[in-house]
Amino acid sequence: MTPKEVIAFCREKGVKSVDLRFMDFPGVWQHFTIPVTALTEDVFEDGLGFDGSSIRGWQRINESDMLVLPQPDTAALDPFAEIPTLMMICNIQDPVTREDYSRDPRNVARKAVNYLKSLGIADTCYVGPEVEFFIFDDIRYDQTSHCGYYFVDSVEGEWNRGRDEKPNLGYKLRHKEGYFPVPPADQMFNIRNEMMQLMIECGVPVEAQHHEVATAGQSEIDLRFDELVTMADRVMVYKYIVKNVARRHNKVAVFMPKPIFGDNGSGMHTHLSLWKKGQPLFAGSGYAGLSDIALYAIGGLLKHAPALCAFTNPTTNSYKRLVPGYEAPVNLAYSQRNRSAAIRIPMYSANPKAKRIEFRCPDPSCNPYLAFAAMLMAMIDGIQNKIHPGDPLDKDIYDLPPEELQNIPKTPGSLEEALNALRNDHEFLLRGDVFTPDVIDTWIWYKMTNEVDAIRLRPHPYEFCLYADI
């Protein structure tokens, strides 16, 4: 919609308030609300002011003034507001220079797409993430100077087979056996259906929803692929709807990659393809039906994967999922159909338009704008420099002998390793002024200070199990 059409839409739907949303640096939506009478066409051009120093990773106190500019093509009715409310995603600008703000994640994603177009390689990057999450009945956690614990629970959890639930109706999912069971074993079916329907009503096309492998309500709702920035917007709408529908049912949705020990974690396998003038560029006559440009894109992703993990797997919890020896894609190799490789080439269809690559490392704790932009920049580098990914690995990686397995590079083993990889390998991100040096430096500083060091300094509950009797 245009600004004029948004205002007309508000009149048609009886909208009373307008909720303006934008992404903070780590990846959480922020918002404030104005009465609908304050939404004029000038607001879309002039913006509205707010305090940027109160947003994580943004401005200093002496340069705090910032502007939000609502983007009319993101307008949708908020399905959870008690009075009719329109929500819109905003871009961020400096009020003095009127330049787009370098640390606005949405701005980084927009610049990545514009850089792709400026090179003439392609005019569209399609992204299709598979966002996984858990639905819990209870979540409790705390950390003080003398105490630290967490507790999660679910009616589906295997550990509740013997609980007196007055009555316990059974159908508890065994660890690693949650993939595709029908109700009543799948007790989240109706909740996911409600989530799916609300996404569709908010303009977010859905392809499918299902239970995932883990016990305790692990779920997935697959979105139909779309252009990079649009898909990052939709991931945020997705999370908003999932969290609020869960809350409506007195449950809590969690996007942590690894909230349960000993069971599958949540990933965000991301399907990627480049198009130009309406034609797919990844279809060809090479391995798995790929073109040379697709193989070079894979080469770029694999070469820069350790640095990419700082954005695609940006939490300390991410590396409880990326652990060698399990199903997580820690091996930096590519293969058709093989889900134990970091990059898979799906073979569901022979249609050239369906040809894509699937980067399996990312998880749903990421900031989608920064993660998608970083993946695109790695593919661009691979294409520009014709980085061939080498031979594919079509064997079961987990059955390889140790001497062969040790030659396959791995993802970082911790967030600190990923951040160090980013520190040493980020020149490809700076091209076209997409990721600016202040974005890279602030990201590393923020993650090291607020997450890596914060975890390193605190005793872990399991350390007491290991060492309390020494």
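In this text, all values refer to a predicted model and were calculated from it rather than measured experimentally. Along the sequence shown, residues carry numbers from 1.
- When each of Asp438, Asp24, Asp441 is paired with Arg103, the salt bridge (charged side-chain N to carboxylate O under 4.0 Å, His left out) condition holds for Asp438 and for no other.
- Counting all heavy atoms, side chain and backbone alike, Ser291 lies closest to Ile293 at OG-CG2, 3.0 Å.
- Aromatic ring centres of Tyr179 and His210 lie closer together than 6.0 Å.
- The minimum heavy-atom distance between Met195 and Ala246, with the atom names listed, is CE-N, 4.1 Å.
- Atom NZ of Lys386 is separated from atom CG of Asp381 by 14.0 Å, given to the nearest 0.5 angstrom.
- The pair Lys276-Asp123 does not meet the salt-bridge criterion, since no charged nitrogen lies less than 4.0 angstrom from a carboxylate oxygen.
- Salt-bridge annotation for Arg140 and Asp138: present, with a side-chain N of the basic residue lying under 4.0 Å from a carboxylate O of the acidic one.
- For Trp443 and Phe25, the ring centers are positioned less than 6.0 Å apart.
- Ring centers of Phe22 and Trp58: under 6.0 Å apart, within the cut-off.
- Salt bridge status for Glu207 with Arg224: present, with a side-chain N to carboxylate O gap under 4.0 Å.
- A salt bridge does not link Arg192 to Glu220: none of the charged side-chain nitrogens sits closer than 4.0 Å to a carboxylate oxygen.
- We find that Lys258 and Asp363 are not joined by a salt bridge, their nearest charged nitrogen and carboxylate oxygen being 4.0 Å or further apart.
- A salt bridge does not link Glu158 to Lys172: none of the charged side-chain nitrogens sits closer than 4.0 Å to a carboxylate oxygen.
- Asp394 and Tyr287 share a side-chain donor-acceptor pair at under 3.5 Å.
- Here the two rings, on Phe311 and Phe435, have centers that are under 6.0 Å apart.
- A salt bridge is defined here as a Lys NZ or Arg NE, NH1 or NH2 lying under 4.0 Å from an Asp or Glu carboxylate O, and Arg248 with Glu194 meets this definition.
- For His304 and Phe428, the distance between ring centers is under 6.0 angstrom.
- Under 4.0 Å is where a charged nitrogen must lie from a carboxylate oxygen, and between Arg163 and Asp153 at least one such pair does.
- Aromatic rings from Trp275 and Phe282 are positioned such that their centres are separated by 6.0 Å or more.
- For Ser349 and Asn351, the side-chain atoms include no donor-acceptor pair closer than 3.5 Å.
- Electrostatic pairing of Lys111 and Asp100 does not count as a salt bridge here, judged by no charged N lying under 4.0 Å from a carboxylate O.
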